[in-house]
Amino acid sequence: MTKGWQEFYKGIHHKKESGQQKMPEKIRTRFAPSPTGFLHIGGARTALFNWLYARHNDGQFILRIEDTDQVRSTAESTGAILNALLWLGLNWDEGPFFQTERGEIYREAVERFVDEGKAYYCICTPEELEEKRKRALAERRKPRYDGTCRERDLARTAGSAVRFRCPQAGITIVNDLIRGPISFNNEELDDLVIERCDGWPTYNFAVVVDDVQMDITHVIRGDDHLSNTPRQILLYEAMGAAVPQFAHVPMILGADKARLSKRHGATSVTAYREMGYLPEALVNYLVRLGWSHGDQEIFSKEELIHLFTLEAVGKSAAVFNPEKLLWLNQRYIKTYPEERLVDTMKPFWEMRGLDTSDREFTGKIVADLRGRVKTLTEMADAGEFYFNDAIVYDSDAAEKFLKPEFTGHLRAVMEKVPLLQDYTKNGIEGFLRELAEERGVKLKSIAQPLRVALTGKTVSPGIDEVMITLGKERVVKRLKRALEHIESQNL
RNA sequence: GCCCUCAUCGUCUAGUGGUCUAGGACAUCAGCCUUUCAAGCUGGAGAUCAGGGGUUCGAAUCCCCUUGGGGGCACCA
């Protein structure tokens, strides 16, 4: 793990509103991703719920990176995940903590378990285990460790692992905040490995050790972890630690009701960012997947913090619906603070090699377009024509509207624009209407050729808005060029 | 196979025994508006509340079964 990342992100903390004293039972939640890829939509929602729950209760949100899988964990993933969280506005109060930096803590915990007889060394090889597992499945039994080494009282050796001595009878009840009490038969559980032969702890053990040590009071996570919970509870109890509250949120599915994955399309937060989604829109969409507040659809972050409770989280899995997200994004683009929207747009145009240094100009462009696009990339595409007077005409559009029959209209506009006194939306519209009347044609026959001349396309913001944003000079220049184009096509 | 879990319009959901001939939103359809495209506005269609049994004067709401979906069953997290 690269130190640079860790140091950088450790500085980012949630600012305390005031210095009020907190009682020890202060609520503490955490998000604990494993850095084996980008931040997934489902992970983002889990993080969001944890964050909201902490903020709602004036508690703390802790970030922990579960990177004990040395093979699959990468520093790039860690960076991508942290950036995605920050982009969504999910700031953390403590961390990020890296499990690979906490090896000592787990080793001590394991040692204590062994000393107290709560765990034992196991020398079964992965191959043997795999074979037994297959056999069990073939014989239609639930695969579980058969306890070969349980009573052998082995000592630590080169390839040995450590297993938890799991109670073999009785029941364990998970009191889930979303689903209510769920009971598991301890017979279903087996002696899980808590320390691998490489010396690192396994997931189930590390989470428990960490959650205890970090004073996590509420574990909010995907319900794919539900069946891990009883064995974790057993570990808490073996440690003599308080068991936290659990809340298992339902999964997010694809359109075919299968677990959401790449084949359903974009599933990473970063991908949505790149596709031109606003973080507020994504947050709003994600929170409504499983959580609701009456009929309300649009929520500001402040409202969410105020309204969010676990009681209002549903139990059933939700299908990810990109179209509704798109609708929300459109709404947010429409209502976003102007300055922020202009800032957010900048990189999208710069990526296309366009010059965004004239902020007043880009501001006008954004104002023209924000009401008619669903994403920022769409806005970038739709606004590209503003930046270069040497526009490329869409071939169908030019064929239809850059024809000699419109030359007169275009020339008239070109000649009169510099003389216009009232160069405003109303003024321009009035001018065009008058001109249409004068020339005995419908407004449309002037507006469309004009649109193509100025934008290169038949689809654009209102022609009056385009003219204002472009300014008289550019308008004249583009009209001149269009007229030349018509001429050159009809020699 | 075993264990756990979920089940209201295509989708997200409201609904916690009577106010439900089930509400909202996205998508969809039609109309209006109109200088293009959107947006906006108005209206429509769309769920016998998975199916079957109970409990109750009364059930989308409570119980049971069935079916279907999802998750888990690693020295991955």
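What's counted below: heavy atoms across the whole structure, side chains too, no hydrogens, waters or symmetry copies. Quick caveat, the model's predicted, so the values are computed rather than measured.
Residue contacts for A/T68: at a heavy-atom cut-off of 4.0 Å it reaches the sugar-phosphate backbone alone, with no base atom in range. Among the heavy atoms of the strands, none lies under 4.0 Å from A/C122. Nucleic acid contact class of A/E297 (heavy atoms, under 4.0 Å, all strands): base. Residue A/D464 is in base contact, counting any heavy-atom pair closer than 4.0 Å across all strands shown. Residue contacts for A/F184: at a heavy-atom cut-off of 4.0 Å it reaches the sugar-phosphate backbone alone, with no base atom in range.
The CG-C1' distance, from A/D191 to B/C75, rounds to 14 Å in whole Å. The nearest whole Å value for the distance from the CZ atom in A/F246 to the P atom in B/U5 is 16 Å. Atoms CH2 (A/W200) and P (B/C75) sit 19 Å apart, rounded to a whole Å. When rounded to the nearest whole Å, the span between CG of A/D198 and P of B/A77 equals 9 Å. In this structure, the CZ atom of A/F205 is 15 Å from the P atom of B/C75, given to the nearest Å. Whole-Å rounding puts the A/N185 CG to B/U5 P distance at 12 Å. Following rounding to the nearest Å, A/L326 (CG) and B/A25 (C1') show an atom-to-atom distance of 15 Å. Distance CZ (A/R179) to C1' (B/A7): 12 Å, rounded to an integer number of Å.
With respect to A/E384 and A/K457, no salt bridge is recorded, no charged nitrogen being found less than 4.0 Å from a carboxylate O. Between A/K134 and A/E131 no salt bridge is recorded (no basic side-chain N to carboxylate O distance below 4.0 Å). Ionic pairing of A/E151 and A/R165 is present here: one or more N-O contacts between side-chain nitrogen and carboxylate oxygen are shorter than 4.0 angstrom. Under a 4.0 Å N-O distance rule, the pair A/E111/A/R107 does not qualify as a salt bridge.
The side chain of A/P143 has B/G1 as its nearest neighbour among B/C75, B/C26, B/G1. With B/G24, B/U35, B/C6 as the candidates, the nucleotide lying closest to the side chain of A/D295 is B/G24.
Near RNA chain B, meaning a heavy atom under 4.0 Å from it, residues 430-443 of chain A has A/R433, A/L443 in order of number. Sorted by residue number, the members of residues 286-293 of chain A with any non-hydrogen atom under 4.0 Å from RNA chain B read A/R288, A/L289, A/G290, A/S292. Against RNA chain B, the stretch residues 391-399 of chain A makes no heavy-atom approach under 4.0 Å. RNA chain B is contacted by A/A161, A/R163 of residues 157-173 of chain A, taking any non-hydrogen atom closer than 4.0 Å. Within residues 128-135 of chain A, the residues that have a heavy atom under 4.0 Å from RNA chain B are, in order of number, A/L129, A/R133.
For the P atom pair drawn from B/U66 and B/G23, the interatomic distance equals 33 Å after rounding to whole Å. The gap from the P atom of B/U5 to that of B/U42 amounts to 45 Å, rounded to the nearest Å. The gap from the C1' atom of B/U21 to that of B/U34 amounts to 40 Å, rounded to the nearest Å. Only the C1' atoms considered, B/U13 is 15 Å distant from B/A27, to the nearest whole Å. Nucleotides B/G51 and B/A60 place their C1' atoms 14 Å apart, quoted to the nearest Å. Taking atom P on both B/G71 and B/C12, the two are 15 Å apart, rounded to the nearest angstrom.
Side-chain N/O atoms of A/D224 and A/H248 include no donor and acceptor closer than 3.5 Å. Between A/Q448 and A/R451, the side chains place a donor N or O and an acceptor N or O closer than 3.5 Å (distance only, hydrogens not considered). Checked by atom type, the side-chain pair A/T375/A/T377 shows a donor-acceptor distance below 3.5 Å.
Cation-pi geometry between A/R163 and A/Y121 is not met at under 6.0 angstrom from the ring centre and within 45 degrees of the axis. Geometrically, A/R288 does not engage A/Y285 in a cation-pi contact, judged by NZ or CZ lying under 6.0 Å from the ring centre and within 45° of the ring axis.
Not a single salt bridge (charged side-chain N to carboxylate O under 4.0 Å, His left out) links A/E127 to another residue, sequence neighbours left out. For A/H293, there are no ring pair (Phe, Tyr, Trp, His ring centres under 6.0 Å) partners two or more places apart in sequence or in a different chain. Residues that satisfy the salt bridge (charged side-chain N to carboxylate O under 4.0 Å, His left out) test with A/K403, not counting sequence neighbours, are A/E405. By the salt bridge (charged side-chain N to carboxylate O under 4.0 Å, His left out) test, A/R64 pairs with A/E66, A/D210, A/D211, sequence neighbours left out. In terms of the salt bridge (charged side-chain N to carboxylate O under 4.0 Å, His left out) criterion, A/R221 has no residue partners (sequence neighbours excluded).
For A/E303, the CD atom is densely surrounded, since the number of other residues' heavy atoms within 6.0 Å is greater than 12. Within a 6.0 Å radius of CG in A/D153, no more than 12 heavy atoms belonging to other residues, nucleotides or ligands are found. Atom CD of A/E128 has more than 12 heavy atoms from other residues, nucleotides or ligands within 6.0 Å.
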Reading nucleotides 36-51 of chain B 5' to 3', which nucleotides get B (base under 4.0 Å from a protein heavy atom), which S (sugar-phosphate only), which -?
-> BBBSS-----------

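The partner of B/U66 is B/A50, by the rule that a Watson-Crick or G-U pair needs both atom distances under 3.5 Å. Under the Watson-Crick or G-U wobble criterion, with both distances below 3.5 Å, B/C2 is paired with B/G72. Base pairing of B/G31: its partner is B/C41, meeting the Watson-Crick or G-U wobble criterion (both donor-acceptor distances under 3.5 Å).
One N or O on the side chain of A/N50 and one on the backbone of A/T46 form a donor-acceptor pair closer than 3.5 Å. Of the possible donor and acceptor atoms, none in the side chain of A/N185 sits under 3.5 Å from a partner among the backbone N and O of A/E188. Between the side chain of A/S445 and the main chain of A/K442, a donor-acceptor pair closer than 3.5 Å is present. Within the 3.5 Å criterion, the main-chain N or O of A/R156 finds no donor-acceptor partner in the side chain of A/S160.
Judged by closest nucleotide on RNA chain B, A/I182 is the one of A/I182 and A/N321 placed further toward the 5' end.
For an aromatic pair to be called close, the ring centres must be under 6.0 Å apart, and A/H306 with A/F299 fails this. Centroid-to-centroid, the aromatic rings of A/F49 and A/F308 come within less than 6.0 Å.
Checking the phosphate oxygens (OP1, OP2) of B/C76, a side-chain nitrogen or oxygen of A/R196 falls inside 4.0 Å.
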Short heteroatom pairs, N/O only, protein and nucleotides 69-72 of chain B, under 3.5 Å:
from	atom 1	to	atom 2	distance (Å)
B/G71	O3'	A/R259	NH1	3.2
B/G72	OP1	A/R259	NH1	2.9
B/G72	O4'	A/S227	OG	3.2
B/G72	O2'	A/S227	OG	2.7
B/G72	N2	A/K142	NZ	3.2

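Between A/Y277 and A/Y272, the ring planes lie perpendicular to each other; the angle is over 60°, past the 30° to 60° tilted range.
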